[in-house]
Every structure is written in C-alpha cells, then in structure tokens.
Amino acid sequence: MTQLSDPIQFAHGVAWRNRLALAPLTNKQSNPDGSLSDMEIDWLLARARHGFGMVMTAAAYVAQAGKAWDGQLGVNDDAQLPGLERLASGLRQAGAASLVQLQHGGSKGSTAISGEPLVAPYEDPETGARALTVDEIHGLVDDFAAAAARAERAGFDGVQLHGAHGYLLCQFLDGRNVRDDGYGGSLEGKARVIRDTIDAVRAATSPQFHVGLRLSTERFGLTTDEMVQLSADLMSEGQLDHLDLSLWDVTKLPEGAHASAAPLVTHFINLPRGDTRLGIAGKVVDGQSARAALATGADFVDIGRAAIADQFIAERILADGDYAGPSFPVTRQRLRDNSVGEPFVEYFATGWPQLVAD
C-alpha cells in the first residue's frame, strides 16, 4: 500500500520526496507590482523546511488584465524574476519540489486593481466582462506560455495551470460558453483553450519541466459528467504530469446526490491515468484525513487551511499518521507564530472569521 512518506515520480521533472503537497493558497502578501515580498517567501519556505514534498505558490496572474485581488503574485513581467528566483532557490535548498500556479481571473478579475477591462469567454452582463476574440484567446495562451517560461528561468520545477474555481480557464468549461468558433459549445470546444495552453507551455519550456492542471469537479457552471470525461481524456493524452482535483471535501457526495450515492472522488479515482499522477484536495486537515485521502487511490494529497495554522503539519503527519492537526479557531498570534504575514492574517481572519478567535 502506498504511504504518505513514499516519493512520487513524474514523467517530467524532479520526484517529490513524499505525497503531501501544499495547496495553492491565496495570501495577499505580494507587493503591489506582483513581486514576492519577504513575508510571502518566508511563509512558503517554512512549509518546505517542515516536510512538504511539493510547495506551490498562490495563483499568479499571467497578464495584467487577469489580476484579481490586491497582494496577488504576478509572473507576467521579468521585473518579478528576482523574488521568484529567491523563492525557487530556497525551496530547492529545503528539499521541496516547487511549482507556480498560473492563473487569469477572467470575469472574476478586478478592473479597479488591474486597470484593465474584464474579459471572459462570453459576454457577462453581471460583471461587465466582454467576450474575448479568437485572436485574444491566442494571446491569452501565449501569456500562459510566457509565464511558464519565466517560472522555469527563475528556477521552478514546474507550473500548475489554474482551471478551477471559476477563473478564466474554468469559465471556458462553463455551460454558458456556447461560442461557435471552436472555443465553446461542445466539451471538446470548451476544453480547447486548456489543451492549447498545455501544448504552448510544453513548447515554451524544457523537456524536464513539470506541467500540471487543477480542475473543479462541479459548480461554476460545470457538470461532473463532463469533468469526468475531460479528466479521463487529458490523463490519457499524456501531456500532463499531474491532474489536481479541487473537491471542497474529499469525502463529499456529488451536488444534489442521494445520501446513498458514492462519494464524488470515486467518479475520478478509477479513471486510467497513463503517466499522469492524480491529486485530490478538500478538508485534508490531519493525519487521519491525509491517510484516508491517499487510500482512495490518489497519488498525492493537498493540505490547505491546516497548513496555514501549523507550519509543521507535513513533518508531523509523516512522523505520526494519527496527528490531530491544528485545532480551530486559532488566534491571530498563532498564525503569526507560524510564519503568516500580517496581510495573510487579516485576509484569513476576515474571510473565515469562524476559524480565528480574535
């Protein structure tokens, strides 16, 4: 039986020293120009030094128009390279594999923050986003590829494309995307931009560069049946090193399913994978839930919220499979003591007040 402590090999790039991955977590600690701050570097290096097999950045915008919040990391300009180089070097020295998550906010971007109009696969009256032209879609693909090449120049082992949570790549998969120009309508059309982006990133980077993709499995205008089919197709095509499923809760049932239904993860876990590794995320908070997630048949598991409150969680789980994890709510000082900078403390306390005691 596979253990959390077992290394994991990939078709491209370095092996991870174990099966625990730090989830890409919005933390709002980057500088206004999208460069990494000392706080953000410290937060990520602390998790690498304490046992995670792979450490991933928060969602990093690939184009100014895709910037979605204050304090967001950017990977769209060579001026951001010095901070990225520091982080990549530090993660390597700490023994963790390193990935940058590449993202474009699309209609979930912020004109007030980016200074650019909102764009999306389709016109969205609710947000005021206009539909991208085909030429602009090609430009978007180029932006992802250029960002991936920049991440490789900085020394990162790979990237993960953010196709989840209603951001731009995910918006292409939305049922509202009925474009008739090859980038919408059928599942093949809706997913074309993802395949184009994967191909472009592969062409822009070296043969040993790791390329992954995060997908949502429901909500955001998606259907689980289509996401199962897309997952199967992408894994069989062999271009991805990993597929990371954002499940919200690795034990949950599909939306609207009867109580006797099989958990959502079972719709994906038995798909043929070829050389693609499958990761799952959602309420993995302690040793027991991490072991149970891996026991579903996943290749690796992501830890998010619990890693914010406990920088030692990976090494503690690896040492004790029954480690209970941090107990919430936690104090703001507990977060600070775990290398969480003040902007991240404020964001976490404001966004999830039930998890922070003061």
Side-chain angles (χ1 to χ4, degrees), residues 8-13 16 21 23-24 54 56 59 62 99-104 106 121 137 140-141 144-145 147-148 158-175 177 182-205 207 209-247 250 254 264-282 296-302:
I8 179 171
Q9 301 281 342
F10 297 89
H12 306 87
W16 301 356
M54 185 276 287
M56 192 183 313
V62 301
L99 300 185
V100 178
Q101 189 185 60
L102 303 183
Q103 179 247 25
H104 189 298
I137 292 173
L140 166 74
V141 170
F144 274 92
V159 294
Q160 182 187 83
L161 308 178
H162 198 342
H165 301 171
Y167 296 115
L168 185 57
L169 294 182
C170 185
Q171 289 162 24
F172 273 90
L173 302 174
D174 192 313
N177 178 14
Y183 285 100
S186 66
L187 176 59
E188 181 180 4
K190 291 186 292 186
R192 179 180 172 187
V193 71
I194 290 177
R195 288 189 171 90
D196 286 356
T197 302
I198 295 168
D199 290 344
V201 168
R202 283 280 179 222
T205 56
F209 196 64
H210 180 117
V211 180
L213 171 69
R214 172 166 267 208
L215 282 181
S216 289
T217 55
E218 56 186 8
R219 309 180 191 180
F220 308 110
L222 312 177
T223 69
T224 296
D225 286 347
E226 284 196 340
M227 293 305 98
V228 169
Q229 184 62 57
L230 179 59
S231 297
D233 292 344
L234 290 174
M235 288 192 289
S236 70
E237 289 163 13
Q239 285 284 75
L240 288 176
D241 292 301
H242 80 258
L243 179 65
D244 193 13
L245 301 178
S246 183
L247 299 167
V250 296
L264 179 60
V265 69
T266 62
H267 294 260
F268 297 86
I269 210 72
N270 293 320
L271 297 173
R273 299 177 200 172
D275 290 331
T276 303
R277 307 303 185 210
L278 185 65
I280 57 176
T296 64
D299 294 304
F300 66 91
V301 295
D302 297 334

Practice prompt. Report, as yes or no, whether the 6.0 Å neighbourhood of atom CG on Asp275 holds more than 12 heavy atoms from other residues, nucleotides or ligands.
Written response: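 Incorrect, the count does not exceed 12.
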
Worksheet item: Mind checking what makes salt bridge (Lys or Arg N to Asp or Glu O under 4.0 Å) contact with Glu188, not counting sequence neighbours?
Response: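 Testing Glu188 for salt bridge (Lys or Arg N to Asp or Glu O under 4.0 Å), a comparison that skips the adjacent residues, returns none.
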
Are the side chains of [Y] and [X] in contact, using a 4.5 Å heavy-atom criterion?
| X | Y | result |
| --- | --- | --- |
| Phe172 | Thr197 | no |
| Thr276 | Leu234 | no |
| Tyr183 | Asn177 | no |

Contacts of [X] that satisfy side chain to side chain contact (heavy atoms under 4.5 Å, CB included) - sequence neighbours left out:
| X | answer |
| --- | --- |
| Thr217 | Leu245, Leu247, Leu264, Phe268 |
| Thr266 | Ala262, Pro263 |
| Asp299 | Ile8, Arg19, Arg273, Arg277, Leu278 |

Fill in: Pairs flagged by salt bridge (Lys or Arg N to Asp or Glu O under 4.0 Å) wherever residues 163-172 is involved - sequence neighbours left out
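Found none.
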
[X]: what forms a side-chain hydrogen bond (donor to acceptor under 3.5 Å, both in side chains) with it, not counting sequence neighbours?
| X | answer |
| --- | --- |
| Asp174 | Tyr122, Arg176 |
| Gln229 | Asp233 |
| His104 | none |
| Gln9 | none |

Practice prompt. Identify, with sequence neighbours excluded, every residue that meets ring pair (Phe, Tyr, Trp, His ring centres under 6.0 Å) alongside Tyr167.
Written response: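 For Tyr167, the residues satisfying ring pair (Phe, Tyr, Trp, His ring centres under 6.0 Å) (neighbours in sequence not counted) are His162.
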
Worksheet item: Can you list the residues that meet the ring pair (Phe, Tyr, Trp, His ring centres under 6.0 Å) rule with Phe209, with sequence neighbours excluded?
Response: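 Residues passing ring pair (Phe, Tyr, Trp, His ring centres under 6.0 Å) with Phe209: none at all.
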
Practice prompt. Report the C-alpha separation of His12 and Val211 in whole Å, then their side-chain angles, then the decisive distance to 0.1 Å, and conclude whether the side-chain contact (heavy atoms from CB on, under 4.5 Å) test is met.
Written response: CA-CA 8 Å; His12 306 87; Val211 180; over 6 Å; no

Worksheet entry | Inter- and intrachain pairs under ring pair (Phe, Tyr, Trp, His ring centres under 6.0 Å), touching residues 210-238, at least two apart |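 Sorted result for residues 210-238: Phe10-His210, Trp16-His210, His210-His242.
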
Considering all heavy atoms of both residues, which atom of [X] and which atom of [Y] are nearest to each other, and what is their separation?
| X | Y | result |
| --- | --- | --- |
| Ala145 | Val201 | CA-CG2, 4.0 Å |
| Leu169 | Gly163 | CB-CA, 3.9 Å |
| Leu187 | Glu226 | CD2-O, 3.7 Å |
| Ala164 | Cys170 | O-CB, 3.7 Å |
| Pro24 | Gln101 | CG-NE2, 3.3 Å |
| Val141 | Ala200 | CG1-CB, 3.5 Å |

Straight-line distance of [X] [atom1] to [Y] [atom2], nearest 0.5 Å:
| X | Y | atom1 | atom2 | value |
| --- | --- | --- | --- | --- |
| Leu168 | Leu173 | CG | CG | 10.0 Å |
| Leu161 | Arg214 | CG | CZ | 12.5 Å |
| Ser246 | Glu218 | OG | CD | 9.5 Å |

Discussion item. So does Gly166 get a backbone contact from the side chain of Gln171, meaning a donor-acceptor N/O pair under 3.5 Å?
Written reply: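 Judged by distance alone, yes, a pair lies under 3.5 Å.
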
Item to complete: Check for a donor-acceptor pair, side chain of Ser216 on one end and backbone N or O of His165 on the other, with a separation under 3.5 Å.
Response: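 Answer holds: yes.
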
Worksheet item: Does any donor atom in the side chain of Asp199 or Gln239 lie under 3.5 Å from an acceptor atom in the other side chain?
Response: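 A pair is found: one side chain offers a donor N or O, the other an acceptor, under 3.5 Å apart.
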
Discussion item. Applying side-chain contact (heavy atoms from CB on, under 4.5 Å) to Val250 and Thr296, what does each step give before you reach the verdict?
Written reply: CA-CA 9 Å; Val250 296; Thr296 64; over 6 Å; no

Item to complete: Evaluate the criterion side-chain contact (heavy atoms from CB on, under 4.5 Å) for residue pair Ile137 and Asp196; output intermediate values, then yes/no.
Response: CA-CA 10 Å; Ile137 292 173; Asp196 286 356; 5.7 Å; no

Worksheet entry | Residue pair Thr205, Val159: steps toward the side-chain contact (heavy atoms from CB on, under 4.5 Å) verdict | CA-CA 10 Å; Thr205 56; Val159 294; over 6 Å; no

Worksheet entry | Carboxylate-amine/guanidinium proximity below 4.0 Å for Arg202 and Asp241 |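 Yes.
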
